[in-house]
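Convention: sequence-line order gives letters A, B, ...; per-chain numbering from 1.
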Amino acid sequence: MPDSQTEAKVRVTVSGKVVELPAGSPAVLAFKEAGVKGDFLAAKADGKVIDLKRPLKKDCTLEPVVTGTKDGLDVMRHTSAHVMAQAVARLYGAQNVEFAIGPVIDDGFYYDFDIDHKFVPEDFPKIEAEMKKIVAENLTLERREVAGKAEALAVLEGQRARFKRELIQDLPDTETISFYTQGEFTDLCRGPHLTATGKIKAFKIMSVAGAYWRGDEKRDMLQRLYATAFFSEKELEEFVHNLEEAKKRDHKKLGRELDLFSFHQEAPGFPFWHPKGMVIYDTIVDYWKKKHTAASYHQIKTPIILNESLWHQSGHWDNYRENMYFTEIDEQVYAVKPMNCPGGTLVYRSDLRSYREFPLRMAELGLVHRHEKSGVLNGLFRVRAFTQDDAHIYCTPEMLKEEIVAVMDLIFEIYRDFGFSDVNVNLSTRPEKSIGSDAMWANAEGSLTGALEHRAVKYAVDPGAGAFYGPKIDFQIRDSLKRYWQCGTIQVDFSMPERFEMEYVAADGARKRPVMIHRALLGSIERFLGVLIEHYGGAFPTWLAPEQVRVVPVSEDKQAAYSKRVLERLLQAGLRASVDLSSSRMGAKIRDAQMQKIPYMLVVGAREEETESVAVRRRDEMDLGAMGAGAFVERVLDEVRTRSLTLTLTKQ
RNA sequence: GCUGCUGUGGCUCAGGGGUAGAGCACGUCCUUGGUAAGGACGAGGUCAUGGGUUCAAAUCCCAUCAGCAGCUCCA
């Protein structure tokens, strides 16, 4: 019998229960001792995920990581990455491959390989089949810790493993270095991992792409296999289905199909808006202007081309020149504005300002141009010319918090009206390199957090991620496919007022420097419209729809006059409508309107003509039956007025 | 910007060393039909651009431009 007096023990707290185990016992034993049952994938010791077999060396709080959790999924995906690497090693010969890294990412994992064979999608089934074999073999994963870099390098002795060696070299000396082995495959890895490959459930290789070693384009280009894994085939199928859905909703595709905008070789990165796209664009702008007028904003418009000297003063010439376009006027250099603020400050300085005007809110839908690298252009999401829904607010430091609350209120209200109720909020605080006094930063950051807390907004803090000229809050909206889009931002700016020597006259008659808030809600109208297209899948709510009502005569001959009368009535009421007087059959006309995702179709035939009525059909395929033409108009107008996100008309 | 893939009528795409095809859309005509495609006929492309190989290039090679994916960048 072991001497319990001398044997070291660890005290482990598992869901409130304390169990005592010999030091070095595997984590999983603690669950067993504590009587916790379940499908364990890993353990979490004081918040850190570790292997189930990891020896416990000191007292800790331990919880199981089980199927169905994010932690569990990450562990399974991590092990899946090793399995994929092992499969590649088996299929192409371990001596022919060099392994780089294989981390878990948001939607799965990847592994980077240096291999002569060029992966093509046709290789995926083969690799997947080998992975399935490895899972079926249920190989156990063994962790081996080595003492320092020298020993780690010794493990790799004689192997082609220049990436692994480099990784080891760059590790801090204090770091524990570990390897994981499953069957014949060993990989440098921090872990944690599943206990055995058999616990991997459903996986799929998604794509292959080039990727630079350590993201550096001057270094080796590797082949990256993207893959994903889930706890069940069902979840995997759902994921794949979602990807297809996202593809269907691609705004570039819908933009073409719905005839909203186009892009052309003659102007890469510069969108061309078609009539229907313009309707949506203008509707957003009209709405935006109304909201800003109601929130006591003034609206200004500043030039697109401004003298180079202004950009020296603003600091853009030093920091942003690469992204700017230049031109020449009368032998003077001018720049096309990449941002609106410098022009805005000229408006501010056009008059002597008083504290009585504060907070002075100047909004500008400013068209900016930025030279984005060709490879980053992406439909409306990344363009070279776009309209920022910008505003600059000038106020005193004391007003900051209240102003920020007001901006936030406006942001959330506007997001809600477009159907975005889930918003991620991020606070970025002072970076190492920054201007402005400690007191200024304290006030600004205090105002931002104060505003967030005042409205009980949940937010994450990104320490040191603020701009050098001030802290900021960023807003990301979640769309119907659960993707997040960075749109809104509120930035406090200490730099601009200094650089442009902006002043106001305070109550005591002294000249003081105002604080400037720089804010955008939608970010860029173009990009936001792209997000809206994907969010709604092209089926815009009625208030935004380019065409709201399509009149469909049953017989073009016989109901031409009546259908035109109905159309006239719709147009007079201010609705966007048209009539289909083509000679196609009614079914084809309906199909056409349906594919254009027009909210309402009005079928008019002999029956309707007799009673001055219309047979209403909703694009979500509901035949609502007949109703009086006047009643229809009133109800749709109401739907538009309230900016309803759903179609509201129902069967009477 | 880097790497890979792609570029054929307005759109989606097939074809492929011997000077081009389908469906949809479009036009004309016939059809006047009650809730997702009626029919016939027709027009439309120097196969992204420039160069090279070849008796012959849309097809093969190179470069350029553009698009897509990824990397990086940006926020």
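Each of A/Asn424, A/Val423, A/Leu521, A/Thr489 was evaluated against A/Phe475; a single residue qualifies, A/Val423, per the side chain to side chain contact (heavy atoms under 4.5 Å, CB included) test.
Taking the side chain of A/Gln265 as heavy atoms from C-beta on, and the options B/G67, B/G7, B/G1, the nearest nucleotide is B/G7. When each of B/G34, B/A36, B/A66 is scored by its nearest atom to the side-chain atoms of A/Ile590, the top-ranked nucleotide is B/A36. Comparing B/A75, B/G1, B/A69 against the side chain of A/Asn378 picks out B/A69 as the nearest. Closest to the side chain of A/Ala588, out of B/C73, B/G34, B/G38, is B/G38. Distances were taken from every side-chain heavy atom of A/Ala615 (C-beta onward) to each of B/G34, B/G1, B/C11; the shortest belongs to B/G34.
A distance below 6.0 Å separates the ring centres of A/Phe632 and A/Tyr600. Taking the centre of each ring, A/His535 and A/Phe418 stay at or above the 6.0 Å mark. Ring to ring, A/His369 and A/Phe386 are not that close: their centroids are 6.0 angstrom or more apart.
A/Phe272 has its side chain out of reach of A/Phe261: every pair of non-hydrogen atoms, C-beta onward, lies at least 4.5 Å apart. Between A/Leu410 and A/Arg519 the shortest side-chain heavy-atom distance falls below 4.5 Å. Counting only heavy atoms from C-beta outward, the side chains of A/Trp311 and A/Pro338 approach each other to under 4.5 Å.
A distance of about 28 Å separates the C1' atoms of B/U19 and B/A25, rounded to the whole Å. With P as the reference atom, B/G50 and B/A40 are 40 Å apart, rounded to whole Å. Rounded to whole Å, the C1' atom of B/U46 lies 35 Å from the corresponding atom of B/G39. Comparing the P positions of B/G15 and B/C60 gives an interatomic distance of 12 Å, to the nearest angstrom. Here the separation of B/U32 from B/G10, taken at their C1' atoms, is 29 Å to the nearest Å. B/C47 sits 34 Å from B/A36 when the C1' atoms are compared, rounded to a whole Å. Separating the C1' atom of B/G7 from that of B/C41 is a span of 32 Å, rounded to the nearest Å. Between B/G18 and B/C61, the distance separating the two P atoms is 15 Å to the nearest Å.
Distance, A/Leu522 CG to B/A75 P: 19 Å, rounded to whole Å. With rounding to whole Å, A/Phe263 atom CZ is found 22 Å from B/G7 atom P. Atom C1' of nucleotide B/G70 and atom CZ of A/Arg214 are separated by 20 Å, given to the nearest angstrom. Atom pair A/Phe528:CZ and B/A75:P shows a separation of 21 Å (rounding to whole Å applied). Counting to the nearest Å, the C1' atom of B/G67 and the CG atom of A/Asp250 are 12 Å from each other. We find that NE2 of A/His251 is positioned 12 Å from P of B/G67, with the value rounded to whole Å. The distance between atom CG of A/Asp580 and atom P of B/G38, rounded to the nearest whole Å, is 12 Å. Residue A/Glu608 contributes atom CD, which lies 12 Å from atom P of B/U35 at whole-angstrom precision.
Within the structure, every side-chain polar atom (N or O) of A/Arg617 is placed at least 4.0 Å from both OP1 and OP2 of B/G34. Note on A/Lys252: every side-chain N or O is 4.0 Å or more away from OP1 and OP2 of B/C11.
A/Tyr111 meets the ring pair (Phe, Tyr, Trp, His ring centres under 6.0 Å) test with A/Phe99, A/Phe113; sequence neighbours excluded.
Comparing A/Lys589 and A/Arg256 along RNA chain B, the residue whose closest nucleotide (by nearest heavy atom) sits nearer the 5' end is A/Arg256. Where A/Tyr226 and A/Tyr320 each meet RNA chain B at their nearest nucleotide, the meeting point lying more 5' is that of A/Tyr226.
At least one test fails for A/Arg370 against the ring of A/Tyr320: distance under 6.0 Å to the centre or angle within 45° of the axis.
Here A/Gln596 lies out of heavy-atom contact (under 4.0 Å) with every strand. Within 4.0 Å of A/Ala593, counting heavy atoms only, lies no atom of the nucleic acid at all. Counting non-hydrogen atoms under 4.0 angstrom, A/Arg224 reaches the backbone sugars and phosphates but no base. Within the 4.0 angstrom heavy-atom criterion, only backbone atoms of the sugar-phosphate kind lie near A/Gly587; the bases stay farther away. A/Arg382 comes within contact range of at least one nucleobase, with a heavy-atom separation under 4.0 Å.
There is a side-chain donor-acceptor pair under 3.5 Å between A/Gln388 and A/Asn340. A donor-acceptor contact under 3.5 angstrom links the side chains of A/Arg249 and A/Ser480, judged on distance only. A donor atom on one side chain and an acceptor atom on the other are not found under 3.5 Å apart for A/Thr429 and A/Glu445.
A/Glu322 contributes no side-chain N or O that forms a donor-acceptor pair with the base of B/G1 under 3.5 Å.
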Practice prompt. Assign a letter to each nucleotide of nucleotides 24-32 of chain B from its 5' end: B, base within under 4.0 Å of a protein heavy atom; S, sugar-phosphate only; -, no contact.
Written response: ------BBB
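Taken together, the paired segments of RNA chain B that extend over three or more consecutive Watson-Crick or G-U pairs, each closer than 3.5 Å at both contacts, are B:1-7 with B:65-71, B:10-13 with B:21-24, B:26-30 with B:38-42, B:48-52 with B:60-64.
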